There are 2 protein chains.
Amino acid sequence: MVRPYLVTGMNITLRQQIERIVSLSNDEFEWVLSHFTEQYFKKHQIIINEGDYVQNDFYVVKGLIKSSHTNPDGKEHVIQFALEDWWITDPQAFHNQTKATLSVNCLEDSKVLSLTLDNKEKLCRELQKMEYFFLKKTTAGYIALQKRILCLISSTATERYYNLLDQYPGLIQRIPKSMLASYLGVSRETLSRLATI
Amino acid sequence: MVRPYLVTGMNITLRQQIERIVSLSNDEFEWVLSHFTEQYFKKHQIIINEGDYVQNDFYVVKGLIKSSHTNPDGKEHVIQFALEDWWITDPQAFHNQTKATLSVNCLEDSKVLSLTLDNKEKLCRELQKMEYFFLKKTTAGYIALQKRILCLISSTATERYYNLLDQYPGLIQRIPKSMLASYLGVSRETLSRLATI
DNA sequence: TTAAATTAGTGATAATTGTCCTTTATTACC
DNA sequence: GGTAATAAAGGACAATTATCACTAATTTAA
């Protein structure tokens with residue numbers, strides 16, 4: 001059964017992301033897509049609370065979502081921002097089916113495609129190309145995190161800020177500077193002073 | 001063809017690591033192992049130089065290896081230490097077959113099992129369990145790096161140091177404190193003062 | 001075995017960053 | 001449309017960390 005409006009329509013970006021790594025027939029993509037659930041969230045809506053069990057990994061179709069950890073004295077530290085075409089969840093809680101240590105919430109009204117762990121494993125088992133795709137994506141993510149670590153241990157706050165602006169020029173218009181500061185590991189006051197240099 | 005001395009002998013840890021995730025018959029493990037090359041390196045030996053093409057991912061059988069980046073003014077920043085039963089390489093250069101931006105060298109005489117990218121992809125293609133294994137390992141690595149990032153953006157130097165000692169109590173006996181400092185993103189003088197508290 | 005290199009600790013000082021505070025501007029929402 | 005909430009900037013000061021310099025102990029290697 002082919003549903004061309006889906007293939008050529010609104011989930012084109014997910015298909016493109018997958019096809020940058022492996023090629024899929026229309027039927028294969030339809031089958032892949034059938035393992036996802038479409039969900040809509042409002043700005044400020046909390047998708048995952050620290051302590052929750054985590055049912056899904058989220059592919060962002062539209063909107064902006066962040067993951068963060070809040071320490072005992074109430075300070076929030078941003079782990080990740082996810083714009084369109086990114087994935088986000090609490091990966092530890094999701095993959096090990098344990099309680100979340102991160103919270104995930106929306107900075108804008110968002111549309112996502114949700115994938116349960118069971119469905120992810122089913123995709124991998126039954127279509128090896130999908131396992132290859134996830135391996136490549138996860139490896140790319142690992143490399144990106146190593147770069148962020150190098151930046152954190154080797155660069156000044158100013159360098160880290162301009163590095164972020166370079167990498168994601170669109171981000172600064174959509175995210176409050178206090179959250180960029182949190183992502184960079186500096187106080188919002190310090191970032192405010194850096195940004196005026 | 002079964003070679004029991006290998007199965008029960010010196011590469012037992014690699015088999016155990018794989019079998020924590022998927023189970024293998026003796027023949028399967030022999031076949032997997034045949035894709036690796038045994039190599040020996042001396043202390044201070046450079047395995048990968050920045051600028052090199054990277055042929056291998058290295059599984060450490062014995063010894064201690066580090067990866068690091070040296071910035072233009074000559075300061076070295078440690079990305080990773082790899083003890084026995086860990087993997088190490090420049091992952092970006094290895095997976096994309098581009099020039100290394102990290103250098104990899106030995107802190108102790110080391111024995112490794114080297115895996116080329118072609119052989120890794122062959123393992124994944126021909127024995128899906130191995131692709132599942134690499135996906136699980138890479139996912140676990142991703143989660144570990146997210147934790148290190150959270151530590152870097154949310155903890156003081158003192159907290160990061162004691163956190164490292166907690167996680168890897170054996171490390172401090174084998175690694176100069178100047179390198180632990182580099183890994184933690186503080187100067188060796190600062191670490192020296194923290195450690196005496 | 002001895003000289004050279006590496007490692008570690010510490011003082012003095014400068015630079016960076018955090019914290020607390022107030023003010024102003026902007027945005028969200030009844 | 002008006003009030004509340006959020007966001008941003010910056011002053012004043014404290015805390016943290018880096019840098020440079022020097023010494024001592026330990027390890028390495030010819």
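Heavy atoms only: backbone and side chains are in, while hydrogens, waters and symmetry mates are out. So that the names make sense, note that chain A is the first sequence line, chain B the second, and so on, each numbered from 1. Everything quoted here is computed from the prediction, not taken from an experiment.
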Next item on the list: Please determine which of B:Leu24, B:Ile21, B:Val32 meets the side-chain contact (heavy atoms from CB on, under 4.5 Å) test together with B:Lys129.
Entry: B:Leu24
Check: Applying the salt bridge (charged side-chain N to carboxylate O under 4.0 Å, His left out) test to B:Glu108, which of B:Lys43, B:Lys66, B:Arg174 qualifies?
Finding: B:Arg174
Next item on the list: Answer yes or no for A:Lys111 and A:Phe41: cation-pi contact, defined as NZ/CZ to six-membered ring centre under 6.0 Å and angle to ring axis within 45°.
Entry: no
Item checked: Between A:Thr70 and A:Glu76, a side-chain donor and acceptor under 3.5 Å -> no
Next item on the list: Give a yes-or-no answer on whether the side chains of A:Gln17 and A:Asp85 include a donor-acceptor pair shorter than 3.5 Å.
Entry: yes
Next item on the list: Round to a whole Å and report the spacing from CG of B:Leu152 to C1' of D:dT16.
Entry: 16 Å
Note to self: How many whole angstroms separate atom OH of A:Tyr161 from atom C1' of D:dA8?
What the structure shows: 11 Å
Item checked: Exercise: do A:Tyr183 and A:Ser68 side chains pair donor with acceptor under 3.5 Å -> no
Notebook entry, point to check: Can you tell me how far C1' of D:dG10 sits from NZ of A:Lys177, to the nearest Å?
Noted result: 13 Å
Item checked: Whole angstrom value for the distance that separates P of D:dA8 from CD1 of A:Ile175 -> 11 Å
Next item on the list: Could you tell me the separation between the CD atom of B:Glu108 and the P atom of D:dT27, rounded to a whole number of Å?
Entry: 14 Å
Notebook entry, point to check: What's the CE-P distance between A:Met179 and D:dT6, to the nearest Å?
Noted result: 10 Å
Could you run down the sub-3.5 Å N/O contacts of the protein with nucleotides 23-26 of chain D?
none

Note to self: What is the separation between atom CG on B:Leu184 and atom C1' on D:dT17, rounded to the nearest whole Å?
What the structure shows: 14 Å
Margin query: Whether the B:Asn163 and B:Arg148 side chains hold a donor-acceptor pair (N or O, under 3.5 Å, no angle test) is what I'd like checked.
Written below: no
Item checked: Main-chain N/O of A:Ala93 paired with A:Asp90 side-chain donor or acceptor, under 3.5 Å -> yes
Note to self: How would you summarise protein contacts on nucleotides 17-30 of chain C per nucleotide, using B for base, S for sugar-phosphate only and - for none, with heavy-atom distances below 4.0 Å?
What the structure shows: SBBBB------S--
